[in-house]
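Please read the structure below before turning to the comments.
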Amino acid sequence: MAITKEIIRTLIKEGQETLEEVELYDRPYEFEENGRYVLVGVRQAGKSYMLYKRAKQLLASGHSPEEMVYIDFDDERLLGMTAADLDQILQAYGSIYSHKPILFFDEIQNIEGWEHFARRLANQKYQVFITGSNAKMLSRDIQTTLGGRYMDGKVFPYSFAEYLDAQDIALPKEWQHGRVRSQVQQAFTQYLLWGGFPELLLYRNKRRWLNDLYEKILLGDVIQRNKVKNEMALRLTIKRLADNVMQPTSYNRVANLVKGTGISTSVASVIDYVRYAKEACMLFQIENYASKFVEKETVKKHYFVDNGLLSVFLIGGETALLENACAVHLYRKYEDNLYFYNKNIEVDFLVPDEAYAVQVSYSISDEDTRKREVEGLKKLHTFQPLKRMVIVTFDEEETIKLDDDSVIEVIPAWKWLLE
């Protein structure tokens, strides 16, 4: 069906009503007053709410709903829309109003070549806010096309602090010693298992909602977008990454694991599948700080961008979920400055620029486990001095003093995630 101005006029009116009526939990994100934005993240992370938030700010500052255009490119009425049709949005708006509109475009990655339209809008001094579910939107090629005219940002599901806010759990001073502490601990148990997708809080059957979301991401953002032919090999690749989420894993090993099930694949295909999942903002990778270049590129640790997606694959995998939650927390802050360390010793996470190392262990009450986690940090500290060493546990806390008067902090995850 052709994309007509009448369809777009209808969408414009519906979008204005949405921006007026939507009720928000106010997530922390600061917009520059005159900035244009491209916001990218996994589906259901809350990108649309960021657009709504900005629209609400502009409405509160005196703008009217009639000045705004909100278009959701996931709308089935826009199926078949191409970059050549995008100018019809301006034409349709101009046939109703005389304002220069403020533009909000949701999931625009569905339109191949959208970035050229976005560049023209910037050149014509429109205020534009764009979201998408494909990390390629932040790639060097697209940023070159946009020519520095947009600010970019990544949107994640709720952090644990946001999760508590959304559950109306406030943290007064000394909260760690009163009734609020048990509320935080109970909330953390749920956050660890189900993750922080905002809409998930509305549902009782959380596993079904997460399964449905995973299928939507996999089918729409990975298989369909990349025209994947061997769907079973792709599914098994992601499953094997989930099974090995705490371990450095090579593409060759994953390919062998998939082939071990009787499904044909290749290392090159596995590399593609992992890249597609990363582009869909489902996964991220961290490299071994101690590796040579080739191994850095081929042997990595793979984490899911939210525990909810990982829990789709795991039953009772509390240790893996704990490490994944810690990885997400660190990645949100440090991104490509986050590594693991594996050369004669193993340390789960290292931020070299901060001289900060983190081990994750569900419990260190077992003497062998305690020794392994502590010795890893001590040995790393001897040849690469660390300013901070932490062991994150599920619910244990203490301070371990070392011979040089430095300390290892043992911190419960529910406390550490709120730092």
Side-chain angles (χ1 to χ4, degrees), residues 40-45 107 109-113 132-142 154 210-288 291-314 317 320 323-324 327-328 331 335-336 338-340 342:
V40 174
V42 70
R43 286 188 181 273
Q44 297 293 335
E107 300 293 354
Q109 81 283 341
N110 293 338
I111 311 299
E112 194 75 32
S133 302
N134 193 315
K136 284 200 294 188
M137 295 175 69
L138 302 180
S139 70
R140 184 176 298 175
D141 288 346
I142 287 182
K154 294 180 180 178
L210 288 165
N211 284 336
D212 289 346
L213 174 62
Y214 173 70
E215 287 298 319
K216 183 174 183 179
I217 295 169
L218 195 73
L219 295 172
D221 296 336
V222 179
I223 294 172
Q224 183 178 337
R225 180 171 296 153
N226 297 290
K227 299 179 174 60
V228 174
K229 295 179 180 178
N230 193 342
E231 180 179 332
M232 184 54 69
L234 167 68
R235 288 181 177 274
L236 285 171
T237 294
I238 297 174
K239 175 68 166 68
R240 295 306 175 221
L241 293 178
D243 292 340
N244 293 278
V245 75
M246 298 186 295
Q247 305 301 324
T249 306
S250 70
Y251 296 121
N252 189 62
R253 172 173 163 74
V254 175
N256 287 335
L257 289 170
V258 172
K259 286 188 283 189
T261 67
I263 300 298
S264 177
T265 193
S266 66
V267 174
S269 293
V270 166
I271 291 172
D272 284 340
Y273 298 153
V274 174
R275 175 167 57 84
Y276 300 156
K278 284 178 59 186
E279 288 173 354
C281 304
M282 185 193 309
L283 299 175
F284 62 92
Q285 301 169 308
I286 65 173
E287 298 174 350
N288 184 1
S291 285
K292 295 179 181 179
F293 176 78
V294 172
E295 189 179 326
K296 267 187 168 68
E297 291 301 306
T298 58
V299 181
K300 302 183 182 185
K301 292 174 79 170
H302 303 79
Y303 295 99
F304 287 70
V305 76
D306 183 84
N307 269 28
L309 291 175
L310 178 58
S311 72
V312 167
F313 301 96
L314 302 180
E323 182 166 323
N324 196 83
V328 173
Y331 184 72
E335 295 192 13
D336 293 338
L338 177 66
Y339 298 84
F340 67 97
N342 191 336

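Basis for what follows: all heavy atoms, side chains included, without hydrogens, waters or symmetry-related copies.
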Stepwise side-chain contact (heavy atoms from CB on, under 4.5 Å) test for Ile286 and Tyr339
CA-CA 5 Å; Ile286 65 173; Tyr339 298 84; 5.7 Å; no
[X] side, atom [atom1]; [Y] side, atom [atom2] - distance, nearest 0.5 Å:
X: Thr237; Y: Arg235; atom1: OG1; atom2: CZ; result: 12.0 Å
X: Met282; Y: Leu309; atom1: CE; atom2: CG; result: 6.5 Å
X: Phe340; Y: Met246; atom1: CZ; atom2: CE; result: 13.5 Å
X: Leu241; Y: Lys300; atom1: CG; atom2: NZ; result: 12.0 Å
X: Thr298; Y: Asn252; atom1: OG1; atom2: CG; result: 9.0 Å
X: Tyr273; Y: Ile223; atom1: OH; atom2: CD1; result: 9.5 Å

If you look at every heavy atom in [X] and [Y], which pair is closest and at what distance?
X: Lys136; Y: Ile142; value: O-CD1, 3.3 Å
X: Val299; Y: Pro248; value: CG1-CB, 3.9 Å
X: Leu210; Y: Ser311; value: CD1-OG, 3.7 Å
X: Ala135; Y: Lys278; value: CB-O, 3.9 Å
X: Ile238; Y: Ala277; value: CD1-CB, 4.5 Å
X: Gly317; Y: Leu314; value: O-CD1, 4.2 Å

Is the shortest heavy-atom distance from the side chain of [X] to the side chain of [Y] under 4.5 Å?
X: Asn244; Y: Leu257; answer: yes
X: Leu218; Y: Leu234; answer: yes
X: Leu138; Y: Lys154; answer: yes

Assess the residue pair Phe284 and Glu335 against the criterion (side-chain contact (heavy atoms from CB on, under 4.5 Å)); give the C-alpha distance rounded to whole Å, side-chain angles, the decisive distance to 0.1 Å, and a yes or no.
CA-CA 9 Å; Phe284 62 92; Glu335 295 192 13; over 6 Å; no
Flag yes if more than 12 heavy atoms outside Arg275 fall under 6.0 Å of its CZ atom; otherwise flag no.
yes
Which residue is it: Met232, Arg240, Lys239? I am looking for the one with a side chain to side chain contact (heavy atoms under 4.5 Å, CB included) to Thr261.
Arg240
Going by the side chain to side chain contact (heavy atoms under 4.5 Å, CB included) test, name the single residue among Val328, Val312, Leu310, Val42 that passes it with Phe304.
Leu310
Is there a side-chain contact (heavy atoms from CB on, under 4.5 Å) between Tyr303 and Glu323? Walk through the geometry before answering.
CA-CA 9 Å; Tyr303 295 99; Glu323 182 166 323; 2.6 Å; yes
Under the criterion side-chain contact (heavy atoms from CB on, under 4.5 Å), I'd like the reasoning laid out for Asn110 against Arg225: C-alpha separation, chi angles, the key distance, then a yes or no.
CA-CA 9 Å; Asn110 293 338; Arg225 180 171 296 153; 3.6 Å; yes
Check for a donor-acceptor pair, side chain of Asp306 on one end and backbone N or O of Gly308 on the other, with a separation under 3.5 Å.
yes
Between Asn230 and Ser264, is there a donor-acceptor pair closer than 3.5 Å when you use the side chain of the first and the backbone of the second?
yes
Could you check whether the rings of Tyr251 and His302 sit parallel, tilted or perpendicular, using 30° and 60° as the cut-offs?
perpendicular
